[in-house]
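Note sheet for the following structure.
Only heavy atoms go into these numbers, but all of them, side chains included; no hydrogens, no water, no symmetry mates.
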Amino acid sequence: MERQRFHLSGGRDRNVAEEARPGEDEFRIDIERIRFSPFFSRLASVTQVIPQAGSGTVIHNRLTHSLKVSAVARSIAITLNNADEGTRETVNRLGGCDPVVVQAAAAAHDLGHPPFGHLGEKELDRVSRQVLRLEDGFEGNAQTFRILTALDSCEATARGLNLTRAIRAAVLKYPWERAEWTGDRASSAARMPRGVGDDVSEGAMKFSAYATEVEEMADVLSAFPAIGKYQQTLECAVMDVADDIAYAVHDLDDFYRSNVLQYTAVSAELGRWLRDHRELAALDAAELDRRRPGHALEAIRRHIGEKDPWVASEEAFRESVERVNRDLVEGLLGVPYDGGFEADRAVTGFTRRWINRLQASIVVDPDPHIRSGHVRLSQEAWHDVVVLKFVHSRFVLERSDLAVYQRGQTRIIASLVEGFHEWLLDPDEATRIPRRLVDSVEAATQEYSDLYARNPQALGEEGAAGIVRRGRARAVVDYIASFTDAQAMSVNALITGASEEPWEAGRGL
């Protein structure tokens, strides 16, 4: 009965009305649509952090990551709905927290990620802006919203999954468009929402809607009148926190099992900082040398103090470093993973302890800081996640062997964009272009045409003359972003003439 109070202001509405199914909840219908989507299935073959190749089944992909985020998010939502009366009243006033909505948002939150993880996302954004001249480029979160509202389809409509407003709103981690933050609107990152970035000369670094979906973003957010501007809905905030928890803990599981994370290097960094943190704090910024143990961790401590003074604490940071050093470094990493039962039990125990700890550290904030959300981690747990993410970044993402592999992958993204865009510009080849790409060009061009008819200023000085160019460019980006890692590599081999198996590699284009 309590749940029926949620989303009475329109969160259960759809763009196209559908006949009610007896005994079916609207949100349950939505989560099944997401799970049955080919975009969701594709995530099984998209890199999470490090590639699965050569690592067997121990490495998470985007699909397994999404499933675990969904489990963590559901647990948090249930906890909030069973909390004390004051917390429940705050939750209800902010629009509610339905466990199925947060599960659906978690399942969908990575749909827009392109091949090759975050580096692929960064390269696709660069080439789409510099080569294709798309002002809002590419962003994985905006692509997710576009998939749900325009690129996928269902029995009710050919454009989008026709999801309820609540679930569409719950994937808007960065509820603004790129251009909304262009220029010098704020003086520092500490005074802008998390995700906007330090340099806004070309707009926000992260955002949740392209120009073609901005109006729909505003519409779904209107169902949550108690949520302030630039704030996530409560269900989106739960999903976002769950994503942080899963990334911080489950990916360490990957790195340990694959022997990527080594005791000696991590122990030297954390141990040196704990021993000499007062001396390190006295150094000038120019004296910090990331090659020396303890210096990189000190740089992170200063960084969070500058960007997040509302929550950053020197004491809490030191306590988190001690906790991670004790349980991760001296505990888990102290015994190399050998694939045996005891090692598996050790990593499972570590993962469960930390997931439980972080899930139990949730705060509901009725008036959050601009860089926070209505649902967030406690100060202590927030620092734990900072330190765990530092371990990821310093000892996995910065490895030179991974960097070499990733640099090769970025070349594939750029090659695909340039190759397909040039193909679309060749009039002699028009009849041989893959049908899905042709359909995408027509659909995207119509979207920009409709946008111009509603709001001519949305396309800038170029106006109507830019409709066809933008439609063609956005279609190329949509097309390539939908590839799996393996498909991107095989299709690139085809389009550059390097493939020796044109018939096999070209299937599904």
Can you measure from [atom1] ([X]) to [atom2] ([Y]) and round to the nearest 0.5 angstrom?
{"X": "Asn162", "Y": "Asp152", "atom1": "CG", "atom2": "CG", "answer": "11.5 Å"}
{"X": "Glu213", "Y": "Leu151", "atom1": "CD", "atom2": "CG", "answer": "7.5 Å"}
{"X": "Leu234", "Y": "Asp98", "atom1": "CG", "atom2": "CG", "answer": "11.5 Å"}
{"X": "Asn81", "Y": "Ile76", "atom1": "CG", "atom2": "CD1", "answer": "12.0 Å"}
{"X": "Leu261", "Y": "Leu328", "atom1": "CG", "atom2": "CG", "answer": "6.0 Å"}
{"X": "Gln231", "Y": "Ile370", "atom1": "CD", "atom2": "CD1", "answer": "7.5 Å"}

Using the benzene-type ring in the case of Trp, are the ring centres of [X] and [Y] under 6.0 Å apart?
{"X": "His113", "Y": "His65", "value": "no"}
{"X": "Phe207", "Y": "Tyr174", "value": "no"}
{"X": "Tyr247", "Y": "His392", "value": "yes"}
{"X": "Trp273", "Y": "Phe390", "value": "no"}

Worksheet, complete the sentence: Residue set satisfying side chain to side chain contact (heavy atoms under 4.5 Å, CB included) with Glu19, at least two apart, ordered chain then number -> none
Worksheet item: Who pairs with Lys122 by side chain to side chain contact (heavy atoms under 4.5 Å, CB included), at least two apart in sequence or on another chain?
Response: none
Is the shortest side-chain heavy-atom distance between [X] and [Y] below 4.5 Å?
{"X": "Met239", "Y": "Gln232", "result": "no"}
{"X": "Arg357", "Y": "Asp384", "result": "yes"}
{"X": "His109", "Y": "Ser66", "result": "yes"}
{"X": "Thr144", "Y": "Phe39", "result": "no"}
{"X": "Ile29", "Y": "Arg14", "result": "yes"}
{"X": "Arg470", "Y": "Glu135", "result": "yes"}
{"X": "His295", "Y": "Glu269", "result": "no"}
{"X": "Val363", "Y": "Trp382", "result": "no"}

Quick one: list whatever passes side chain to side chain donor-acceptor pair (under 3.5 Å) with [X], sequence neighbours left out.
{"X": "Glu123", "answer": "Arg126"}
{"X": "Arg33", "answer": "Glu18, Glu155"}
{"X": "Arg35", "answer": "Glu32"}
{"X": "Ser75", "answer": "Gln359"}

Hey, are [X] and [Y] close enough for a salt bridge, meaning a charged N less than 4.0 Å from a carboxylate O?
{"X": "Glu85", "Y": "Arg88", "value": "no"}
{"X": "Arg178", "Y": "Asp125", "value": "yes"}
{"X": "Asp450", "Y": "Arg454", "value": "no"}
{"X": "Asp244", "Y": "Lys389", "value": "yes"}
{"X": "Arg28", "Y": "Glu24", "value": "no"}
{"X": "Glu314", "Y": "Arg278", "value": "no"}
{"X": "Arg194", "Y": "Asp240", "value": "yes"}
{"X": "Asp136", "Y": "Arg129", "value": "no"}
{"X": "Glu398", "Y": "Arg394", "value": "yes"}
{"X": "Glu26", "Y": "Arg21", "value": "no"}

Item to complete: Apply salt bridge (charged side-chain N to carboxylate O under 4.0 Å, His left out) to Arg326 and Glu322, showing your working.
Response: CA-CA 6 Å; Arg326 181 172 59 250; Glu322 290 174 345; 5.5 Å; no
Please find the pair of heavy atoms, one from [X] and one from [Y], that lie closest to each other, and give the distance.
{"X": "Ala281", "Y": "Glu298", "value": "CA-OE2, 3.5 Å"}
{"X": "Ala166", "Y": "Phe224", "value": "CA-CZ, 3.9 Å"}
{"X": "Gly10", "Y": "Arg165", "value": "O-CD, 3.0 Å"}
{"X": "Ala170", "Y": "Thr233", "value": "CA-OG1, 4.0 Å"}
{"X": "Ala142", "Y": "Ala209", "value": "CB-N, 3.7 Å"}
{"X": "Ala211", "Y": "Leu451", "value": "O-CD2, 3.9 Å"}

Worksheet item: For Arg168 and Asp30, what are the C-alpha separation, side-chain angles and deciding distance, and is it a salt bridge (charged side-chain N to carboxylate O under 4.0 Å, His left out)?
Response: CA-CA 10 Å; Arg168 282 176 284 156; Asp30 283 2; over 6 Å; no
Fill in: Thr64 backbone acceptor or donor facing Asn61 side chain under 3.5 Å
yes
Worksheet entry | Exam field: side chain Arg42 to backbone Phe483, donor-acceptor pair closer than 3.5 Å | yes
Discussion item. Under a 3.5 Å threshold, yes or no: a donor from one side chain and an acceptor from the other, between Glu215 and Asn455?
Written reply: no
Discussion item. If you count every heavy atom of other residues, nucleotides or ligands that lies below 6.0 Å from Asp367 atom CG, does the total exceed 12?
Written reply: no
Discussion item. Classify the ring geometry of Trp310 against His369: parallel below 30°, tilted from 30° to 60°, perpendicular beyond 60°.
Written reply: parallel
Discussion item. Please evaluate residues Tyr230 and Glu180 with respect to the criterion side chain to side chain donor-acceptor pair (under 3.5 Å), reporting the C-alpha separation (whole Å), side-chain torsions for both, the decisive distance (0.1 Å), and the verdict.
Written reply: CA-CA 11 Å; Tyr230 304 135; Glu180 194 162 352; 3.0 Å; yes
Discussion item. Whether Arg12 engages the ring of Phe27 as a cation-pi pair (distance to the six-membered ring centre under 6.0 angstrom, angle to the ring normal within 45°) should be assessed.
Written reply: yes
Discussion item. Less than 6.0 angstrom from the centroid, inside 45 degrees of the normal: does Arg474 satisfy that with respect to the ring of Tyr448?
Written reply: no
Worksheet item: What's the verdict on side chain to side chain donor-acceptor pair (under 3.5 Å) for Tyr210 and Gln143, showing C-alpha distance, side-chain angles and the deciding distance?
Response: CA-CA 8 Å; Tyr210 300 124; Gln143 193 71 14; 2.9 Å; yes
Practice prompt. Determine, stepwise, if the pair Arg302 / Glu306 fulfils salt bridge (charged side-chain N to carboxylate O under 4.0 Å, His left out).
Written response: CA-CA 6 Å; Arg302 298 182 186 191; Glu306 293 171 359; over 6 Å; no
Response to the item:
From the list Leu332, Asp254, Leu252, side-chain contact (heavy atoms from CB on, under 4.5 Å) partner of Val347 resolves to Leu332
Worksheet item: Do Asp365 and Val375 pass the side chain to side chain contact (heavy atoms under 4.5 Å, CB included) test, and can you show the C-alpha distance, the side-chain angles, and the key distance before you say yes or no?
Response: CA-CA 6 Å; Asp365 191 343; Val375 176; over 6 Å; no
